[in-house]
Amino acid sequence: MRNPNIRASRIACAILAITFAFGTASCWMPSFDPALSTSMEMDAFFAEKGVDAWRKYYSFTVKEEQWEESTEFVPFRNDLITSDGGFLVHRDGTGLGIAKLERTGGLISFSWSWGRDFNPLGARALVEPLVGSIDQLLILSDFRKLELLDTENPLNNKSITLFGEGQSPVAFGTESMSTGAENQVYLRILVREELSGSVKDHFGQFDFSTSTLGLGPDEFSVPRFPFPPGWVAYDPALGSKPWSVTLNLAEPGLWRFGASVSPPPPPAELVTDLKALGTGTIHDEANPRILAEGPFFTDIYSLAGVHLGWLPTGSWRFAFEWWDSAELRWISVFTRFAVVTDSKDDKGNIAFAQVEGVPTSDLLAFAAEKLGN
Amino acid sequence: MRRAAFALGLLAAFLVAGASGQASTAPAGGDASTGEATRQVRVLVALARGDFDREAWLRGLTLALARNGLVSGVLRARSAESYLDQANRQDCALVLEIETAAGEGGSTRVAWRYLDALSRSVLAEGSYAAPEPTERDLSGFFWDEVEAALPAAVSSVRYTVFTLKGKPGSTVSGFSPKPLVIPESGELEIVADAPSTYRWRATVPGSYPAGGVFAFLGTEGAALELPDDGLPPWSVDAGLLMGQFPMLRYDRRFLSDRAFVGFELVSYSPGIFLPKDSPPDDRPPLFVFLPLVQPGIHVGARLAAADSAFRPYLSVGAFTRIMFPDFRVLAFDPVAPVGILPAIGIEYGTSRKLAVWVEVGDHLYFGPNGYLIAASNPGNVLWISDHAALEIPHARFGVRFAP
């Protein structure tokens with residue numbers, strides 16, 4: 001028979017040990033980034049189907065901690081042959097940071113950087129290099145204001161006030177035109193105006209080629225929804241004022257707005273639920289497809305709400321779609337950025353950015369195969 | 001003639017002392033014997049007070065007795081009244097009483113008695129007269145008569161045995177200079193003085209080691225039955241990795257619980273996440289759900305016996321990692337599909353069924369690109385190579401249950 005004092009002492013020690021061990025619970029995380037691991041299947045796909053001209057790899061050292069998280073690499077919006085580089089874009093709820101990365105003669109340099117401690121759009125803040133330019137960026141972070149930054153000459157910076165009091169964005173998105181000047185990119189915005197209980201919406205489109213914004217009144221019946229705003233895509237099937245919009249109400253959903261008929265405005269129609277909020281648009285020939293990018297997978301939908309497939313994108317992020325005028329095909333451009341935080345001193349950490357371009361037709365076929373699996 | 005005898009006795013004393021290097025007293029515990037081995041007894045000497053150099057007399061008597069192979073130790077009585085009780089308490093089977101008186105012509109008269117300490121019966125007695133001894137005489141011939149009577153007295157001490165009972169093959173130490181092994185019959189008869197006490201320890205095949213103090217009072221039929229508490233063949237652990245992620249472990253135990261081999265599963269979903277510098281108005285959720293499980297196998301060795309309160313151990317394991325992002329894909333993690341985990345730990349038994357344990361180790365991951373492994377980690381990677389990365393530290397703790 002055990003001595004009860006010894007037994008009590010042992011139990012007390014056990015409790016102390018457990019308490020101590022619980023005290024060690026921390027912010028430790030294992031060497032596992034599910035997005036990076038998921039993206040490895042895309043690496044194999046890019047190796048097989050990727051376009052060599054778009055395959056870029058940048059390795060460099062970063063010292064500022066802001067680049068270690070919530071950072072994306074956005075390549076120059078050109079063919080990446082004449083100008084090699086892009087922008088590091090750090091987006092989170094506390095701010096927005098941008099640095100310009102250029103590679104000249106094999107050397108990587110950062111010639112310009114910009115930051116702001118205000119970013120109400122968080123991770124959905126829009127940062128778009130202008131087509132064919134390595135100096136100009138379009139930014140939508142303060143949702144009342146669209147800004148144009150010039151990395152070479154700050155005097156060229158512009159801003160356009162999109163909304164006034166009582167107005168808020170419903171959705172926005174960029175899109176390459178499907179016909180004609182394919183690499184002329186448009187920014188589309190839906191704005192809700194709330195006056196005396198009535199809801200009016202406006203749409204506008206920014207012509208990247210001319211840096212002009214046309215914002216015209218239109219009316220739709222838009223449901224109330226929480227932030228953040230969704231993604232808007234041009235829907236040629238709906239006529240002259242067509243929108244398919246992904247909105248995050250209770251769950252991400254694809255909504256369709258018919259042509260304006262006033263009065264009364266037609267109600268918005270929920271087409272289908274989505275696995276994630278829309279974040280981009282690509283072309284299946286002339287038909288826009290919505291990319292709904294989640295933390296691990298990107299799902300592809302038609303504007304009619306048909307689920308066409310999914311991609312294990314993980315840490316690969318869709319950047320934009322580029323029209324290859326030589327091969328007459330669309331190229332979907334993806335990027336991946338990672339930092340190896342192995343340095344405990346002030347020498348900085350190794351970062352690498354990758355760019356891959358793949359024919360959109362191959363991408364859609366791959367996505368459809370995954371759906372079959 | 002007396003001088004010659006004295007000289008011979010002194011020479012003999014030196015020879016015996018030099019040959020055996022024997023100390024005048026034996027270790028505290030008694031020595032038992034089995035079978036026909038020579039019996040040895042401890043003798044308690046009670047020297048009555050008198051007008052002589054008491055210390056010199058006792059020293060000489062002790063030396064004389066210690067020379068005899070039948071004596072394993074000589075103790076002195078601490079009092080003139082209760083030395084028989086002292087003898088029993090201190091495992092002395094034999095008591096030697098010495099009384100002295102002044103004889104005729106300046107001689108000294110010595111009366112001696114050997115008593116059985118337990119029965120208090122007189123086994124042998126006598127007296128003789130001798131000239132006043134010098135210190136050299138006391139170390140030699142002066143005690144010849146007392147010493148000569150010793151074998152008869154020892155043989156008359158009550159013959160006592162007890163029985164060790166236990167699982168065949170059990171090894172028991174503490175009853176003799178060399179460990180005893182329980183034979184196939186499961187019983188081993190031990191010849192021992194009564195009373196005697198033994199601090200013993202037994203290693204029983206397939207069972208917990210046992211030990212204790214056995215007091216043998218000479219009771220007929222006395223037996224010491226070795227406990228046979230079977231060692232647990234398996235154990236189950238529930239724990240937390242870094243105090244955050246749950247894990248389960250199942251071990252099979254071998255080699256008297258000195259070795260183990262097992263299977264473990266670490267789940268990174270759910271986990272506790274306590275960031276250090278989160279803003280008060282934007283605290284991340286307490287629980288994280290990483291879509292990853294880590295099954296593995298391991299082998300190890302415990303460095304202390306099964307009945308030790310603290311049992312350090314070493315282990316090494318190999319694991320694989322299976323991811324299930326959004327439950328849409330179930331695949332080996334392509335960045336770090338496998339790894340090895342060496343660890344050192346210690347367990348503390350709150351009972352035989354329950355223990356708490358803590359261990360530290362590292363994860364050495366292998367994959368197609370070591371830098372991708374490092375890029376998957378927010379800063380705990382210590383070393384990177386082309387195809388591997390080392391993540392330190394790894395601390396685990398938990399509770400271990402054994403049937």
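Below, chains carry the letters A, B, ... as their sequence lines are ordered, and counting in each starts from 1. Computed over heavy atoms, backbone and side chain alike; hydrogens, waters and symmetry mates excluded. Since the model is a prediction, treat every value here as computed from it, not as a measurement.
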Mark yes when over 12 heavy atoms from residues, nucleotides or ligands other than B:Lys167 sit less than 6.0 Å from its NZ; otherwise mark no.
yes

Would a 4.5 Å heavy-atom cut-off, applied to side chains only, mark A:Met29 and B:Leu290 as touching?
yes

Please answer whether the main-chain N or O of A:Pro30 pairs with a side-chain N or O of B:Glu391 as donor and acceptor at a distance below 3.5 Å.
no

When rounded to the nearest 0.5 angstrom, what is the spacing between CZ in A:Phe296 and CG in B:Asp326?
5.5 Å

Taking atom CZ of B:Phe327 as the centre, does the number of heavy atoms from other residues, nucleotides or ligands within less than 6.0 Å exceed 12?
no

Establish, for the pair B:Arg328 and A:Phe297, whether the NZ or CZ atom is under 6.0 angstrom from the six-membered ring centre and no further than 45 degrees off its axis.
yes

Under the side-chain contact (heavy atoms from CB on, under 4.5 Å) test, which residues partner B:Leu217, sequence neighbours left out?
B:Pro195, B:Thr219

So for B:Leu372, is it side chain, backbone, both, or neither that comes closer than 4.5 Å to the heavy atoms of chain A?
both

Looking at every non-hydrogen atom in both residues, tell me the closest pair between A:Ser31 and B:Ile373 and how far apart they are.
CB-O, 4.0 Å

Under the side-chain hydrogen bond (donor to acceptor under 3.5 Å, both in side chains) test, which residues partner A:Trp67, sequence neighbours left out?
A:Glu64

Within residues 332-347 of chain B, residues adjacent to chain A where the heavy-atom gap is under 4.5 Å:
B:Asp333, B:Pro334, B:Val335

Under 4.5 Å, heavy atom to heavy atom, which residues of residues 314-325 of chain B contact chain A?
B:Arg321, B:Met323, B:Pro325

Bottom line for B:His363: the part with an atom under 4.5 Å from chain A's heavy atoms is neither

Given the rule in the side-chain contact (heavy atoms from CB on, under 4.5 Å) test, do B:Ile384 and A:Val340 qualify, once you have shown the distances and angles that lead to the verdict?
CA-CA 10 Å; B:Ile384 308 169; A:Val340 179; 3.7 Å; yes

Please examine the side chains of A:Trp28 and B:Phe245, heavy atoms only from C-beta on, and report whether any two atoms are closer than 4.5 Å.
yes

